[in-house]
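All heavy atoms count here, side chains included; hydrogens, waters and symmetry mates do not. Chain naming here is simple, since letters A, B, ... match the order of the sequence lines and numbering starts at 1 in each.
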There are 2 protein chains.
Amino acid sequence: MPPKPRRVTQREIAEIAGVSQTTVSVVLNDRDGKNVRIPAETRARVKQAIEELTYVADPAARRLAGLDNQIIGLFTYEAALSPESMDFYGPLLNGLERAAEQVGWDLLFFTSSPVENGTRSLFHRKTRLRLTDGCVLLGQQMVASELERLVAEQFPFVAIGRRDETAAAVPYVAIDYVTPANELMDQAVAQGHQQALYVHRGTDTPTARDRRLAVEAASADGRLSFLLVGEERIPDLPRLAQATGATVILGEDAFLTEDVVHSLTAAGIGVPDEISVAALAEVRGHRVEGRALAGFHVPREQLAAEALDLLQTLIITDPNEWHTLEIRRLLVAEVRSRETIVPRKAQP
Amino acid sequence: MPPKPRRVTQREIAEIAGVSQTTVSVVLNDRDGKNVRIPAETRARVKQAIEELTYVADPAARRLAGLDNQIIGLFTYEAALSPESMDFYGPLLNGLERAAEQVGWDLLFFTSSPVENGTRSLFHRKTRLRLTDGCVLLGQQMVASELERLVAEQFPFVAIGRRDETAAAVPYVAIDYVTPANELMDQAVAQGHQQALYVHRGTDTPTARDRRLAVEAASADGRLSFLLVGEERIPDLPRLAQATGATVILGEDAFLTEDVVHSLTAAGIGVPDEISVAALAEVRGHRVEGRALAGFHVPREQLAAEALDLLQTLIITDPNEWHTLEIRRLLVAEVRSRETIVPRKAQP
DNA sequence: CTCTCCTGATAATGCGTATCTGCAACTGGA
DNA sequence: TCCAGTTGCAGATACGCATTATCAGGAGAG
């Protein structure tokens, strides 16, 4: 490394203004009490020197002295800025940037984290985590041990996405899929539907479980009768619909639902005229048969704002009081069902 | 601020291993010379303690002690992550992320910089600039005084985009539009064209000047005769083309060129059959008359990689030797002319 | 005239790390 | 046995900032 370029320090300001470094610090922080008093005239002299030399404090020194840095970390378990992930991360990152700008925080992307055992890891030998005041975690596959360590170290952080699987109390903001799922099913019922299919993947994430439970609950209390179908049986859907008399098919996500529609239309079944469809997930940008696919709009910008708000709360609260806080926040997704959930066709 | 959570320090490691803090530092940094010698047995003992306590170095303290942090700053004069700017910044950010990951650097977005006098400013009272080892600057409108201050402070930084207007030697990576512009004009000549129009905006940026100079040079040495036309005269283009006998029209950018095409087709002039068109700029995603608009493809991911490479060079080089480096790098844009530059129609 | 209180500062210290200097304890050679 | 050289560390210090304790000098009270 070349010699670190020397920049203006408080000591230099002090020499020029003819005071001590202490006084400069006091003036900078507008401190004044019974212990320390600086008359207006001296203050002015110091402030002038600060202006002239265009002093800016060294954040590393501030940090070392135990102060905050107004930096928050952003850790993603996959590349955040690649074109592929932009679809998902884009609105979140945009929301984070806007919220950070609002409160005057800088955003540190932990792009350096090396890949170990398949995923990136937050704790490595030179992690810059501790430079930040707090941290936002993004990604489908978080490592439980890292979350637990963050909790144990009482480091302020917020995960985006539900993190109930871990024993420790992980602060998160996430999307409530249950409320809008019920709303969507109620609308289907109001349109005359009685029999339905739910097409799902094999995965067992918290949100997948949520959706399935909502569907099963609706089936159990007689609102809407469901048959649950794995994705491998999509080719068989036309027959299944026929056999069960289903007039609605819900998919776990938008892509799956598109596959469902292809299977139906290939068999000559009209969507949505004969069978209504919807995804219990984000559907922005997804169209089937020239219509906007019914499903949810997830407020992702707001999700980011909420995450930073929660993080800020954690940062300014003593860790020992965290248990008194509401560290899990759910945002309700918005239902958009108009175009592919339509009234049930009169029986022939 | 709540009390700073205490974490593992070298001193604690030292106590457990029964050595001094110095020794821990030496072991961590694998230092060994004639001044300091640690036998393998002691090293092992210290390393074990480090493992057991899962020690990670405090980046702030490292920085204060004059070492590098492996953090580079990213300053944009506009919001970087908004959907509107993604078109332009997206590929750059992606390239930066990938390159940063390669070399193990974290990426600090200066999202906190407040707006003063219309633009964001890099130097404010609490700027975290000095936490970084170097900085990448993005944006159309950079503030000359800030660039000069960075140069004066010998702070390693690289601008993306040409920055010749400033007196001080500003390191940058940018796109060479002149070489591909000449190539494109040569192709037009090879296709039999002799007379052309160049439609430009009123702005006087370095790249705008480059393009105009290239066009004027081609005109001067008789390769291709040009008439330069301001954008306000686009409605008049059909008449101008007729009057000059021009069979090619070049636009300063893709949007301008699209307007040109609309003006021509509205007047019944076939594009590209009767008049070939191209933009002397990025044309990805732009189509006219069902064809990919001719023009350039700017290698933006590569631009980002080149910027980080230059930055890294600056960081590891003593500032006093910077004048010996090639601190301005140009990347040649790729010509894509096939679809809307076609052979000149035989005269009737 | 002495004692106390207030004013306007400053010296000293700590934060965690790296580095430079120094210094015992040992070893080998004469 | 005495000295020079080597081995294996520890002490001191710097980095830039905030904070705590302290201190000299002057004013006011008794």
Rounded to whole angstrom units, what separation is found between the [atom1] atom of [X] and the [atom2] atom of [N]?
X	N	atom1	atom2	result
Glu15(B)	dG16(C)	CD	C1'	14 Å
Leu131(A)	dG16(C)	CG	P	14 Å
Arg7(A)	dC17(D)	CZ	C1'	16 Å
Arg43(A)	dT7(C)	CZ	P	14 Å
Lys126(A)	dT17(C)	NZ	P	13 Å
Leu28(B)	dT19(C)	CG	P	12 Å
Arg37(A)	dC23(D)	CZ	P	15 Å
Glu41(B)	dG8(D)	CD	P	10 Å

What's [X] touching, base or sugar-phosphate or nothing? Going by heavy atoms closer than 4.0 Å.
X	answer
Val19(A)	sugar-phosphate
Arg62(B)	sugar-phosphate
Ala60(A)	nothing
Val36(B)	base
Asn35(B)	base

Nucleotide nearest [X] when distance is taken to its side chain, options [options]:
X	options	result
Pro39(B)	dT19(D), dG8(D), dA18(D)	dG8(D)
Ser20(B)	dA9(C), dA10(D), dC15(C)	dA10(D)
Leu64(B)	dT17(C), dC15(D), dC17(D)	dC15(D)
Leu67(A)	dA18(D), dA18(C), dC17(D)	dA18(D)
Thr22(A)	dT20(D), dT19(C), dC9(D)	dT20(D)
Arg11(B)	dC17(D), dC15(C), dA18(C)	dC15(C)
Ser25(B)	dT19(C), dG8(C), dA18(D)	dT19(C)

Closest-nucleotide ordering on DNA chain C, the 5'-leading residue of Val26(B) and Thr42(A):
Thr42(A)
Want to settle it: does Arg45(A) or Tyr55(B) sit nearer the 5' end of DNA chain C, counting the closest nucleotide to each?
Arg45(A)
Whether over 12 other heavy atoms sit under 6.0 Å from Gln102(A) CD
no
Less than 4.0 Å between a side-chain N and a carboxylate O, is that true for Arg43(A) and Asp32(A)?
yes
Indicate yes or no: does Glu301(A) engage Arg98(A) in a salt bridge with an N to O separation below 4.0 Å.
no
By nearest-heavy-atom nucleotide on DNA chain D, the more 5' of Ala61(B) and Ile38(B) is Ile38(B)
With a cut-off of less than 4.0 Å, is there a side-chain N or O of [X] near OP1 or OP2 of [N]?
X	N	answer
Arg31(B)	dA18(C)	no
Gln21(A)	dA18(D)	no
Thr23(A)	dG8(C)	no

Answer yes or no: is there a donor N or O on one side and an acceptor on the other, between the side chain of Thr111(B) and the main chain of Trp105(A), under 3.5 Å?
yes
Answer yes or no: is there a side-chain heavy-atom contact under 4.5 Å between Ser112(B) and Glu101(A)?
no
Among side-chain atoms of Glu306(A) and Gln302(A), is any donor-acceptor pair under 3.5 angstrom?
no
